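Down below is the structure, laid out as structure tokens.
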Amino acid sequence: MEPKRYLITAALPYANGPVHIGHLAGVYVPADIYVRYLRMRGRDVKFICGSDEHGVPITIKARNEGLTPQQVVDKYHSIIKDAFQRFGISFDIYSRTSNKTHHETASQFFRKLDDEGKFVEQTTEQYFDPEAKQFLADRYITGTCPKCGNESAYGDQCEKCGSTLNATDLINPKSTISGAKPELKETSHWYLPLDQYEPWLRQWILEEHKEWKSNVYGQCKSWIDGGLQPRAVSRDLDWGVPVPVDGATGKVLYVWFDAPIGYISATKELTPDWEKYWKDKETKLVHFIGKDNIVFHCIIFPAMLKAEGSFILPENVPANEFLNLEGDKISTSRNWAVWLHEYLDTFKGQEDVLRYVLTANAPETKDNDFTWADFQARNNNELLAVFGNFVNRALVLTHKYFEGVVPPVLALSDYDKEVMQEMSEVREKVEKPIESYRFREALQEAMNLARLGNKYLAETEPWKLWKTEPDRVATILNLSLQITAGLTIVMEPFLPFSVVKLRDMLNIKALDWTLIGQADILAVGHKINQPELLFVKIEDSVVETQLERLKNIKNENLIKNATVAEQLPNISYDDFTKMDIRVGKILQAEKVAKTKKLMKLLIDTGVDQRTVVSGIAEYFEPADIIGKQVSMLINLEPREIKGIMSQGMILMAENADGSLTFVSPQAEVKSGSVIK
RNA sequence: GGCGAGGUAGCUCAGCUGGUCAGAGCGCGUGAUUCAUAAUCACGAGGUCGGCGGUUCAAGCCCGCCUCUCGCUACCA
């Protein structure tokens with residue numbers, strides 16, 4: 001049951017930064033392998049991608065750099081697009097969501113759902129900037145983090161302590177646009193009632209797609225079982241696709257709603273036949289994504305498509321896990337990454353080395369680590385030693401003995417036949433894993449064809465036979481060249497650049513996939529060209545340079561982290577005296593059930609004994625702190641945490657790594673002593 | 001804390017519905033070899049399959065508890 005055509009999408013890169021090896025290993029390299037394979041099989045396939053250019057982070061970036069959002073996305077769109085192209089990611093189209101077709105497509109999509117009553121409208125309170133006269137996205141609000149005191153925390157997250165926040169949690173919220181103090185104001189938005197799609201999703205994914213990768217299936221199950229909530233599809237923002245409804249000025253489609261529609265608009269842009277790819281049940285739709293995108297591609301976007309009604313749904317969503325770099329998480333903001341455009345500049349002509357390493361070490365089932373030592377080893381010990389070396393041997397020998405002409409097969413030994421049998425099995429061994437998105441395994445099998453070649457030469461030793469049995473040498477080299485020709489086919493999805501070089505050496509054109517492993521690809525008498533090296537050795541110094549670079553980045557980050565928080569604005573003495581800070585003694589301590597960080601403490605404040613809940617459980621054991629004297633703010637408004645009324649706040653000093661230390665008197669002091 | 005995914009030879013990973021499942025590549029050791037970018041080929045070294053219980057005639061593969069890593073989520077006055 002061969003699908004009539006394929007529509008393959010790769011996650012839209014967010015245009016606020018360049019693409020790095022994590023993106024490549026997770027999404028683009030596997031997608032490209034799959035697509036190149038399908039094309040070689042002669043399938044009708046469209047490979048779709050583009051930049052995701054809307055959303056708040058881009059507007060922030062623009063503001064910070066003194067640019068317009070359009071300028072920001074123009075910049076990164078071209079860097080990304082160019083890098084992909086140079087790296088041989090063979091999109092049929094690399095579009096962008098800020099263009100006209102996309103705006104029209106997304107608007108139409110929204111309008112159809114709205115007209116058919118598929119949305120729910122709801123009014124909520126959000127922060128509004130009275131000076132700029134606009135609603136503020138969480139990212140546009142800064143204030144003091146209620147958890148760590150960092151005064152430049154964002155409304156959705158404090159980057160210092162890493163905690164996620166609500167804008168309304170911030171102390172002294174401030175608009176980053178005007179600096180004004182924001183006020184809460186009512187605003188209404190459209191919601192996609194995902195809860196209504198729950199039974200359908202349950203059936204569609206949990207029953208009908210049990211074959212999805214376990215990480216994908218598990219995540220979906222977790223979301224569905226957890227109960228789906230209506231999700232806002234619009235935001236108060238001036239950057240994005242305007243909500244196509246009268247009176248909705250100042251509102252745009254929420255980026256998660258507009259971005260996946262980008263796949264559709266890009267297809268539209270690519271071909272007038274786009275509906276065949278999106279609406280015909282005989283099309284197989286596959287989304288390649290990273291694990292961070294599972295919920296959008298498996299739950300939300302399908303629900304959107306289902307709501308719209310005329311679109312097909314993805315048949316599979318092969319999401320990869322994450323790639324680490326030298327043991328640490330890749331991070332754009334910390335510059336902890338190998339950037340594709342930089343790699344391409346530094347490692348000219350070595351595109352395939354990175355493609356190979358990222359495939360061989362792809363995070364298909366769990367997070368993996370990219371190290372430069374591994375990069376070097378895979379190049380030198382595998383690509384070069386196994387593949388490059390075999391090809392070189394076969395060609396050099398042919399030139400040495402037969403002036404570069406494919407010699408005839410004169411008689412086949414039993415061993416020759418054995419080898420031919422093995423050759424013929426390679427195709428299926430590569431095909432199967434590719435069709436099930438196991439590219440690491442497929443590459444391994446493809447490499448085995450080169451291994452077979454090396455073994456064949458070692459076993460037959462033609463260089464020893466030339467003087468005595470030239471006919472035998474002819475046969476051996478013929479077969480070796482046939483293996484080499486097979487390699488130009490089977491390696492093409494993985495190593496497209498090297499394959500072009502190899503074909504030139506063999507003086508042949510691109511060959512049909514089904515010829516892999518055949519022993520009569522090259523005609524006897526065919527003249528081949530002089531061999532060149534397919535891969536160059538990567539020296540230790542290259543690795544050291546890269547490691548040095550990373551080390552420097554680490555140092556820079558350390559320095560950044562070591563910066564001491566700036567002094568807060570002056571306050572009056574009166575302000576200070578409002579705080580009643582005392583020495584207290586911990587009488588009892590126990591961890592709060594079902595939390596990681598919370599400890600419930602009973603404190604003797606001198607004034608009374610009271611309960612305080614404090615986020616210190618990660619660093620202290622209850623038994624170790626009982627009897628300890630601590631500093632405590634006792635006149636802080638009580639607040640309920642996890643059902644416990646917390647009456648005060650223990651003062652803690654925080655180290656750069658986030659660990660905590662009590663601020664205790666040097667010597668035992670009477671509980672209730674005033675600290676001032 | 002909840003949920004999800006992982007914890008298999010030095011490294012990176014395969015092991016489908018339980019019974020040749022204890023494997024591959026790289027690294028390492030020994031030997032062979034010289035056509036080849038000191039590349040190749042053969043052989044080997046053995047990891048109590050995270051830990052403890054349990055089910056079974058039989059368990060990396062099933063169940064329970066524990067532990068570590070990653071992700072999502074809750075919590076941090």
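Chain A is the first sequence line, chain B the second, and so forth, proteins listed ahead of strands; every chain is numbered from 1. On a predicted model such as this, the values are computed, not experimentally measured, just so you know.
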Glycosidic class, syn or anti, of B/G60 using a 90° window around 0: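 You should classify B/G60 as syn.
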Other residues, nucleotides, ligands: >12 heavy atoms within 6.0 Å of A/K467 NZ: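 No - once you tally the heavy atoms of other residues, nucleotides and ligands closer than 6.0 Å, there are 12 at most.
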A/K329, NZ atom: more than 12 neighbouring heavy atoms under 6.0 Å: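 No, because the 6.0 Å sphere around NZ of A/K329 holds 12 heavy atoms or fewer from other groups.
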Rounded to whole Å, please give me the gap between [atom1] in [X] and [atom2] in [N].
X      : N     : atom1 : atom2 : value
A/K455 : B/C43 : NZ    : C1'   : 12 Å
A/K467 : B/C35 : NZ    : P     : 10 Å
A/E441 : B/C16 : CD    : C1'   : 11 Å
A/D367 : B/C72 : CG    : C1'   : 13 Å
A/E459 : B/A36 : CD    : C1'   : 17 Å
A/E321 : B/C72 : CD    : P     : 11 Å
A/L206 : B/G4  : CG    : P     : 12 Å
A/L443 : B/A14 : CG    : C1'   : 14 Å

A/I224, A/V317, A/V216 screened by side-chain contact (heavy atoms from CB on, under 4.5 Å) with A/I205, the one that passes: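 For A/I205, the side-chain contact (heavy atoms from CB on, under 4.5 Å) check succeeds only for A/I224.
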[X] has a side chain; which of [options] sits nearest to it?
X      : options             : result
A/Q444 : B/A24, B/G7, B/C3   : B/A24
A/W223 : B/C72, B/C35, B/C70 : B/C72
A/V396 : B/A39, B/A36, B/G7  : B/A36
A/T365 : B/A14, B/G6, B/G27  : B/A14
A/N454 : B/A39, B/C41, B/C35 : B/C41
A/N215 : B/U12, B/A5, B/C35  : B/A5
A/A458 : B/G6, B/U40, B/U12  : B/U40
A/L384 : B/A39, B/U40, B/U37 : B/U37
A/Q219 : B/G7, B/C35, B/G4   : B/G4
A/K464 : B/U34, B/G25, B/U40 : B/U34

In whole Å, measure the gap between the [atom1] atoms of [N] and [M] for me.
N     : M     : atom1 : value
B/G60 : B/A9  : P     : 15 Å
B/G18 : B/C62 : P     : 8 Å
B/G27 : B/G64 : C1'   : 39 Å
B/A59 : B/U34 : C1'   : 49 Å
B/A22 : B/C61 : C1'   : 12 Å
B/G6  : B/G10 : P     : 22 Å
B/G51 : B/A45 : P     : 23 Å
B/C26 : B/C41 : P     : 8 Å

Students often get this wrong, so: under 4.0 angstrom with heavy atoms, is [X] touching a base, only sugar-phosphate, or nothing?
X      : answer
A/F535 : base
A/K221 : nothing
A/E382 : sugar-phosphate
A/T371 : nothing
A/V613 : sugar-phosphate
A/L534 : base
A/R438 : nothing

Letter per nucleotide, 5' to 3', of nucleotides 61-68 of chain B [B base touched, S only sugar-phosphate touched, - untouched; heavy atoms, 4.0 Å]: --------
Complement of [N], any strand, by Watson-Crick or G-U distances under 3.5 angstrom:
N     : answer
B/C35 : none
B/C65 : B/G51
B/G10 : B/C26
B/G71 : B/C3
B/C21 : none
B/C57 : none

Taking the six-membered ring for Trp, are [X] and [Y] closer than 6.0 Å centroid to centroid?
X      : Y      : result
A/W336 : A/F370 : no
A/F375 : A/Y356 : no
A/Y437 : A/Y34  : yes
A/W466 : A/F402 : yes

Exercise: do A/N448 and A/R451 side chains pair donor with acceptor under 3.5 Å: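 Per modelled atom types, A/N448 and A/R451 side chains form a pair under 3.5 Å.
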Would you indicate, yes or no, if [N] has its OP1 or OP2 atom less than 4.0 angstrom from a side-chain nitrogen or oxygen of [X]?
X      : N     : answer
A/S214 : B/G6  : yes
A/R378 : B/U12 : no
A/K291 : B/C72 : no
A/N380 : B/A39 : no

Mutual orientation of the aromatic rings belonging to A/H297 and A/F301 [parallel < 30°, tilted 30-60°, perpendicular > 60°]: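 A/H297 vs A/F301 ring planes: perpendicular.
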Geometric cation-pi criterion, A/K210 with A/Y217: 6.0 Å, 45°: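 No, cation not above the ring by the 6.0 Å, 45° rule.
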Over all atoms of both residues, closest heavy-atom pair of A/V357 and A/D374: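 It is CG1-OD2, 4.1 Å.
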Heavy-atom closest contact (A/A11 atom, A/V27 atom, distance):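 For A/A11 and A/V27, the tightest heavy-atom pair comes out as N-CG1, 3.6 Å.
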Residue mapping more 5' on RNA chain B - nearest nucleotide basis, A/N392 or A/L452: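 The residue closer to the strand's 5' end, by nearest nucleotide, is A/N392.
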Along RNA chain B (nearest heavy atom to each residue), the more 5'-positioned of A/Y456 and A/R393: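 Between the two, 5'-proximity favours A/R393.
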